[in-house]
Every structure is written in C-alpha cells, then in structure tokens.
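These notes concern the structure reproduced below.
Just so it is clear, the model here is predicted, and its values are computed rather than measured.
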Amino acid sequence: MGCTVLLYHRVHPRFGVHPRLFEEHLKVVTRVFRPLSFDEFLFGRWPFSSLLVTFDDGFYDFYRYAFPLLKRYGVPSVLFVPPGRVYGSDEVRDLSSDSEVSTVEAYRRSFKEGDNSAFLSWGELRRLTASGLVSVQSHGYSHRAALGGGKPFKPPGDWRVFSLSREVSPGTPLTSLLVEDLEEARRELKLSRELLESKLGTKVEAVAWPWGIYSEQLVELARTLGYRACFTTERGWNRPGNLCRVKRLAVGDTKGPVWLLSRSLLYAL
C-alpha cells in the first residue's frame, strides 16, 4: 500500500492555511485515512489509506494554531526544523501570543536582524515532542540560499535574498546552499542533527530538503550521516522501503477539504 504525505508550512488566520480550514482538513484525515506517526512511517508497514502530516520551517504559529487542532483530533505530525532559525530561548509563550508577521518579514528579521521570534523556541519544541504527537526532524541548519541554477529571484515576496551575503538583481537564479556546496551540506546536516538531538533528547532520522532542492550526491551524503528518510516537495506515490525520496503533496493556503480528499486518495493507493 502507498502513503500520502501532506506538506504544510503555516497555519495562521492571515499568513497560511486558516485554522478553520485546517480543522476541516483534519476532519477528512481522521474520517477517511489512517494517520501515521513518524515511527510508523519509518517502520514501513502501512495499512490501507495511510497518511502522514508534515510541516516545514517551524514557525511559532504551529504551536499557536496547528498543534491544538492536531491534539484535538489525535493526528500525529512531523515538524521539519532548521535549528539556525529556532528562537533561542527555553521560553514557552502563552497561547494568547500571536505571530502577526508575514513569512517574508519573518525571514528578513531572522537573517538581517538575528530576530527569530516568529519561529518556535527550544522550550516550545520540547513541549511539542513531549506530547508524543510531534516528531521534530531536520530541515538542514540555516535554510540559506546560494547563487546557482535554480528559480530566478523575484521580489517582493522572495525571501531567499535575505540569506545571501550580497545584493542580487531580480531574475538572478538562486538555489539551495546545500546543493551548491557539498562540504557545507555535510556540516549543516551533521550540525542540525546533533543540535536537535542534544536540545530535545530525541532521535533525528529524517531531513526535508530546503525548497525541495536536492541532488543524488546529497541523498547519498544524508544516508552516510545516518538519515534514514529524505523528504522532497515532489508529488507522487510513496512505497515502503523507498524513503530516500519521499514525495509530498503541498497543501496551498486556500485548498479545501474536497481538494485534499481527492488528491490524497490518489497518492494513498
């Protein structure tokens, strides 16, 4: 049997999937599918209609909006986090707090001002992992871009430019740093895993490639460093035993439950 893997970024009233819409998604997930934990996914014995929920980047609003709903419906999830963007505090913010910051502004503040307050803190990540519902895995270390043969830089919504050491013109091709510099990729993948494991006391066995950009060299490198699964942004069918290029279905901010049901059923066969 196959397993559908959903990819979310933010659940937020203004800057992501609205919490009310996300709840509708979870109703579909729990009624039609068999949600898997990360350990069950790795084990590979997937029952019929298996589905895995994943989130990239580690924004604070995961704790504020997504996690309470995941907990209410009993749906496990995987959270891919770059430790370089973690809010460096043991603080667990009150749920009345909100991150009224756009994705572009969040990354501008992070890269240019060293302000990671739009992202989860170490204290919040510990709270999430202690719940038993959330597995925190690697998203590289820094989530930095590099000059290279990728998508052209397109302002004003393209935040990749903030991670560069110099200004570039619109139209300049940018890619992931991990693809352009294999030694830096080795350092990032090793550091990310070690830091997450030491800070959270959990095992890190998977990486989601920043922007979904990867190469065969990167896959092999991740395997030599002990990563058992590599998650992409490509759509497609997943089968047990082939976890080096896990396909995911990206859920857009306005996609409704009917869309989610039809697409997820297709990839669960």
Solution key, residues 140-148 side-chain donor-acceptor pairs under 3.5 Å, sequence neighbours excluded:
from: Ser142; atom 1: OG; to: Arg144; atom 2: N; distance (Å): 3.4
from: Ser142; atom 1: OG; to: Glu188; atom 2: OE2; distance (Å): 2.4
from: His143; atom 1: NE2; to: Asp57; atom 2: OD1; distance (Å): 3.3
from: His143; atom 1: NE2; to: His139; atom 2: NE2; distance (Å): 3.3

When the side chains of residues 35-45 are checked against the rest of the protein, which donor-acceptor pairs come out under 3.5 Å, sequence neighbours left out?
from: Ser37; atom 1: OG; to: Glu40; atom 2: N; distance (Å): 3.2
from: Ser37; atom 1: OG; to: Glu40; atom 2: OE1; distance (Å): 3.4
from: Glu40; atom 1: OE1; to: Arg34; atom 2: NH1; distance (Å): 3.3
from: Glu40; atom 1: OE1; to: Ser37; atom 2: N; distance (Å): 2.8
from: Glu40; atom 1: OE2; to: Arg34; atom 2: NH2; distance (Å): 2.9

Donor-acceptor pairs under 3.5 Å, side chain of residues 12-19 to any protein atom, not counting sequence neighbours: which ones?
from: His12; atom 1: ND1; to: Arg14; atom 2: N; distance (Å): 2.9
from: His12; atom 1: ND1; to: Phe15; atom 2: N; distance (Å): 3.3
from: His12; atom 1: NE2; to: Asp98; atom 2: OD1; distance (Å): 3.4
from: His12; atom 1: NE2; to: Ser99; atom 2: O; distance (Å): 3.1
from: Arg14; atom 1: NH1; to: Glu100; atom 2: OE1; distance (Å): 3.0
from: His18; atom 1: ND1; to: Arg20; atom 2: N; distance (Å): 3.1

Under 3.5 Å, which donor-acceptor pairs do the side chains of residues 198-208 form with other protein atoms, sequence neighbours left out?
from: Ser198; atom 1: OG; to: Glu194; atom 2: O; distance (Å): 3.1
from: Ser198; atom 1: OG; to: Leu195; atom 2: O; distance (Å): 3.0
from: Glu205; atom 1: OE2; to: Arg228; atom 2: NH1; distance (Å): 3.2

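Evaluation of the salt bridge (Lys or Arg N to Asp or Glu O under 4.0 Å) rule for Glu91 yields no partner, not counting sequence neighbours. Residues meeting the salt bridge (Lys or Arg N to Asp or Glu O under 4.0 Å) test with Glu105, sequence neighbours left out: Arg108, Arg109. Among residues two or more places apart in sequence or in another chain, the side chain to side chain contact (heavy atoms under 4.5 Å, CB included) test is passed with Ser264 by Thr4, Leu6, Phe33, Leu51, Leu249, Leu260. Under the salt bridge (Lys or Arg N to Asp or Glu O under 4.0 Å) criterion, Glu23 pairs with Arg72, not counting sequence neighbours. Take Phe55 and apply the ring-ring contact (aromatic ring centres under 6.0 Å, His included) test, not counting sequence neighbours, and it matches Tyr8, Phe22, Phe62. Residues passing the ring-ring contact (aromatic ring centres under 6.0 Å, His included) test with Phe119, sequence neighbours excluded: Phe59, Tyr107. With sequence neighbours left out, Arg126 forms a salt bridge (Lys or Arg N to Asp or Glu O under 4.0 Å) with Asp90.
Val78 and Val29 fall into different hydrophobic clusters, defined by Ile, Leu, Val, Met, Phe, Trp and Tyr side-chain heavy atoms under 4.5 Å apart, directly or through other members. A continuous path of hydrophobic side-chain contacts links Leu21 to Leu261 [ILVMFWY only; heavy atoms under 4.5 Å]. Clustering ILVMFWY residues whenever any of their side-chain heavy atoms sit less than 4.5 angstrom apart, transitively, puts Phe111 in the very cluster that holds Leu120. No path of Ile, Leu, Val, Met, Phe, Trp and Tyr side chains, each step under 4.5 Å between heavy atoms, connects Ile213 with Leu177, placing them in separate hydrophobic clusters.
Under the 6.0 Å cut-off for aromatic ring centres, Trp237 and Trp46 do not qualify, their centroids lying 6.0 Å or more apart.
A distance-only check finds a donor-acceptor pair linking the side chain of Tyr227 to the backbone of Leu189 [under 3.5 Å]. A donor-acceptor pair is defined here as one N or O able to donate and one able to accept, closer than 3.5 Å; such a pair exists between the side chain of Ser262 and the backbone of Val258.
A side-chain donor from one of Arg248 and Thr54 sits under 3.5 Å from a side-chain acceptor of the other.
Side-chain contact between Val75 and Leu133 is absent, with no heavy atoms from C-beta onward closer than 4.5 Å. The side-chain heavy atoms of Glu234 and Lys247, taken from C-beta on, include a pair separated by under 4.5 Å.
Distance check: Tyr63 OH to Leu128 CG gives 7.0 Å after rounding to the nearest 0.5 Å. A distance of 11.0 Å separates OG in Ser121 from CG in Asn116, rounded to the nearest 0.5 Å. Rounding to the nearest 0.5 angstrom, the gap separating the OG atom in Ser77 from the CG atom in Leu69 is 11.5 Å. Atoms CZ and CZ, on Arg93 and Arg127 in that order, are 12.5 Å from each other to the nearest 0.5 Å. Separating the CG atom in Leu221 from the SG atom in Cys230 is a distance of 9.5 Å, to the nearest 0.5 Å. In this structure, CG in Leu174 is found 14.0 Å from NZ in Lys154, a value given to the nearest 0.5 Å.
Under a cut-off of 6.0 angstrom, the local environment of NZ in Lys151 is sparse, with at most 12 non-hydrogen atoms contributed by other residues, nucleotides or ligands. Residue-environment remark: CD (Glu167) stays at or below the threshold of 12 foreign heavy atoms within 6.0 Å.
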Audit row: Gln137, Leu79, side chain to side chain contact (heavy atoms under 4.5 Å, CB included) steps and yes/no: CA-CA 6 Å; Gln137 300 294 318; Leu79 183 61; over 6 Å; no
Pair Val251-Trp259, side chain to side chain contact (heavy atoms under 4.5 Å, CB included): steps then yes or no: CA-CA 9 Å; Val251 183; Trp259 178 91; 4.3 Å; yes
Step-by-step salt bridge (Lys or Arg N to Asp or Glu O under 4.0 Å) determination, Glu197 to Arg193: CA-CA 6 Å; Glu197 289 186 338; Arg193 185 182 187 189; 3.5 Å; yes
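Pairs passing the salt bridge (Lys or Arg N to Asp or Glu O under 4.0 Å) check and including a residue from residues 210-226, sequence neighbours excluded, read Glu216-Arg245.
Of all heavy-atom pairs spanning Ser192 and Val81, the tightest one is OG-O, 4.3 Å.
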